[in-house]
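All values reported here derive from a predicted model rather than from experimental measurement. Lettering follows sequence order; numbering is per chain, from 1.
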Amino acid sequence: MISKDEILHVATLANLKFQDDEVDSFVNQLDKIVGMESNLSSVDTTGVKPTYNMADTNSVFREDKGIHTQTREQMLENVPEVEDNLIKVPTIVDKEDDE
Amino acid sequence: MDIKKETIASLHEKLVNKDITAEDLAAQTVENIKANEKQLNTFITVNEKAAEDAKKVDAEGINGPLAGIPIGIKDNIVTNGLKTTAASKILYNFMPVYSATVMEKLAAAGAIDAGKTNLDEFAMGSSTETSFYGTSVNPWDFSRVPGGSSGGSAAAVAAGEVVAALGTDTGGSIRQPAAFNGIFGIKPTYGRVSRWGVIAFASSLDQVGVMSKRVEDSATVLSVIAGHDEHDSTSSEKEVPDYRANLSKDMHGVKIAVPKEFWHEGTHPDVLDNVNKALEAYKKMGATVEEVSLPTLKHAVEVYYVLASSEASSNLQRYDGVRYGYRAKDVKNIKDLFVNSRSEGFGDEVKRRIMLGTFALSAGAYDAYFKKAAEVRTIFIEEMNNVLKDYDLIMGPSTTTPAFKIGEKVDDPLAMYMNDILTIPANLAGLPAASVPAGLADGLPVGLQIIGKPFAEQDVFNAAYALQEENKFYEQIPTALKGED
């Protein structure tokens, strides 16, 4: 069983928030899905190596050289707020939250 | 000229003979898409510059087989100067400043980008209903879904808007909509096609593939987009064959394995009936068909949803409202900016997957879910590879049912996830797999799934081609479009 508190904790980790009325249906749905996923515990995986990626090479090396593919203007084209050719964001240090 | 009846080869011939110019073909394609748009909603963005792009191809000459051929592009593949949204509000205004490698390759071959096709948001879904831009509809029955997540690409091809379209397939997102729309669709081997410039969903599973009415058209396109790319270190250095030139419908001596677990209890009897008929046809063509077992298949959906969601939660952390995409208003601090932009920008299904993934990767759950799923994946890959030691191909239904009604499953995520049970195995094992039309069930198309050995796309194309030439399904016009001409 997944609890409401657990869902709210996971939401914090995921940088998401939910309206109060959304949370209960989310808890219900995720509980069912995680319940389905829990069937995995019935498979004996003693001594089995996990498969995390599918590439047939482990490491790829390339020459360490700088290649300029985009201009600063291009890089900033999709930025929602730009000031003086820099990305503008809200205050990073929030004094009230600063412990 | 009616594009619905054309193939890449027939269009190529007309272009070479100057019966039509690439510019006219592109203009007609765009006009046609726009005329259909209200009804089908297959495209998110039409390429208004298509005719202009095609004019350059006319000037340079019709050289390769794709020169001047308009192709639909799933809107999770970035295209320089053409809006790319992944069907999400969070990318509603995203204008890429570079093109995906597959787009560079198509452009080098002279293909024309007809526009960006609709999909489930971030390719997460089996019905195109999670798109921020509304669902596309199935050309066989407008009250039904076109499948997902490449539903727009599939419906565009089935409706004859384009002869071929690119899709992506993470858990069946090319094969399931191909089956629902009565067309051919192939997901190549993991690593066959570069993923550079493809908006990431689950990096160990995603692969770009092709959809078309005819097998030979997908063969032509896949040869163009496949191959190594220095931008994607998971892309294979293996040589790319000319799949089209090597097409053969000779099935003599081909060994086909049919996993008994593919005969899932929930599978519609008409689906099984059509698939059985296809298998009988292969026997008559000289192939052997034998039953095998994949005991771990029953856990495939569980493995998939743990791993795909975990990878998605990681890949989707980059959407924070800072450098591109939707940015929430009235925020007090940077944390607010991240949380509000993501919470307002992502749809419910995407949030559900991010939550599932974040949970599976969290401290208390990592071993029991993420690591465990990755271990079960290893066992499953071994089972698939063992079968393919003795057999050339694995076959079964592509989907458990024909296209379902719009709205039928959208509120039941678990029922929706079970749609993918037959297509997920090929993704978990990284194998090439296709869906080819097998027949009709109550007027709706049914697909046969063909899975091959790693990098044996040619075997998959050949088997699909053999069935296509047997049933000539491509001659059928989608029911809901009949009488419109």
Check your understanding: Using non-hydrogen atoms only, which part of B:Tyr190 is less than 4.5 Å away from chain A: side chain, backbone, both, or neither?
Key -> side chain
Check your understanding: With a 4.5 angstrom heavy-atom cut-off, which part of A:Glu6 approaches chain B: side chain, backbone, both or neither?
Key -> side chain
Practice item. Sort A:Ile33 into side chain, backbone, both or neither according to what part of it lies under 4.5 angstrom from a heavy atom of chain B. Key: both
Exercise for review: Against chain A, label B:Asn93 side chain, backbone, both or neither, depending on which of its atoms sit under 4.5 Å from a heavy atom there.
Suggested key: backbone
Exercise for review: Would you tell me whether B:Ser309 and B:Arg352 have side-chain atoms, one donor and one acceptor, within less than 3.5 Å of each other?
Suggested key: no
**Study point:** Proximity breakdown for B:Glu311 and chain A, heavy-atom pairs closer than 4.5 Å
**Key:** side chain
Review point. Would B:Thr84 and B:Leu91 count as a side chain to side chain contact (heavy atoms under 4.5 Å, CB included) if you check the C-alpha gap in whole Å, the side-chain angles of each, and the deciding distance to 0.1 Å?
Key: CA-CA 7 Å; B:Thr84 301; B:Leu91 285 174; over 6 Å; no
Point to revise | B:Ser88 and B:Val350, any side-chain heavy atoms less than 4.5 Å apart | key: no
Point to revise | A:Tyr52 portion near chain B, given a 4.5 angstrom heavy-atom threshold | key: both
Exercise for review: Give the member of B:Ala368, B:Ala429, B:Pro413, B:Ala373 that has the highest number of heavy-atom pairs under 4.5 Å with chain A.
Suggested key: B:Pro413
Point to revise | Which atoms of A:Ile7 approach chain B - backbone, side chain, both or neither, heavy atom under 4.5 Å | key: both
Exercise for review: Looking only at non-hydrogen atoms, find the nearest pair between B:Thr189 and B:Pro454 and report the distance.
Suggested key: OG1-C, 3.9 Å
Practice item. Return yes if a side-chain donor-acceptor contact under 3.5 Å exists between B:Thr170 and B:Asn427, otherwise no. Key: no
Study note, to complete from the structure: Closest heavy-atom pair, B:Ile199 versus B:Ala86, reported as atoms and distance to 0.1 Å, is CD1-CB, 4.0 Å
Check your understanding: Which pair of non-hydrogen atoms, one from A:Gln74 and one from B:Val97, has the smallest distance, and what is that distance?
Key -> O-CG1, 3.6 Å
Revision key, fill the gap. One option among B:Glu344, B:Glu382, B:Arg342 has the most heavy-atom pairs under 4.5 Å with chain A, and it is B:Arg342
Point to revise | Qualifying residue, where the test is ring-ring contact (aromatic ring centres under 6.0 Å, His included) with B:Phe94 and the options are B:Tyr319, B:Tyr324, B:Tyr326 | key: B:Tyr324
Practice item. Quick one: which of B:Phe346, B:Tyr417, B:Tyr369 has the most heavy-atom pairs under 4.5 Å with chain A, could you say? Key: B:Tyr369
Point to revise | Exceeds 12 heavy-atom contacts within 6.0 angstrom, atom CG of A:Asp21 | key: yes
Review point. With a 4.5 angstrom heavy-atom cut-off, which part of A:Lys49 approaches chain B: side chain, backbone, both or neither?
Key: backbone
Review point. Quick one: what part of B:Asn80 sits under 4.5 Å from any heavy atom of chain A, side chain, backbone, both or neither?
Key: neither
Check your understanding: Of the backbone (N, CA, C, O) and the side chain (C-beta and beyond), which part of B:Lys298 lies under 4.5 Å from a heavy atom of chain A, both, or neither?
Key -> neither
Practice item. Could you check which of B:His299, B:Met355, B:Glu230 has the highest count of heavy-atom pairs closer than 4.5 Å to chain A? Key: B:Met355
Point to revise | Interface moiety of A:Gln29 toward chain B, non-hydrogen atoms closer than 4.5 Å | key: side chain
Point to revise | NZ/B:Lys83: more than 12 non-hydrogen atoms of other groups inside 6.0 Å | key: yes
**Study point:** Heavy-atom contact with chain B under 4.5 Å, split by part of A:Thr12
**Key:** backbone
Exercise for review: Report the option among A:Leu16, A:Val79, A:Leu13 that has the most heavy-atom pairs separated by less than 4.5 Å from atoms of chain B.
Suggested key: A:Leu16
Study note, to complete from the structure: Note: vs chain A, highest number of non-hydrogen pairs under 4.5 angstrom among B:Leu428, B:Thr296, B:Asn340 is B:Asn340
Check your understanding: Of the listed residues (A:Ile87, A:Leu40, A:Val48, A:Val34), which shares the most heavy-atom pairs with chain B below a 4.5 Å separation?
Key -> A:Leu40
Practice item. Among A:Asn39, A:Val89, A:Val82, single out the residue with the greatest number of heavy-atom pairs under 4.5 Å to chain B. Key: A:Asn39
Review point. Quick one: are B:Thr85 and B:Tyr92 in side-chain contact, heavy atoms under 4.5 Å?
Key: no
**Study point:** Which atoms of A:Gln70 approach chain B - backbone, side chain, both or neither, heavy atom under 4.5 Å
**Key:** side chain
Review point. For residues A:Ser41 and B:Lys372, is any side-chain donor paired with an opposing acceptor at under 3.5 Å?
Key: no
Review point. Going by atom types only, do B:Ser194 and B:Ser235 share a side-chain donor-acceptor pair under 3.5 Å?
Key: no
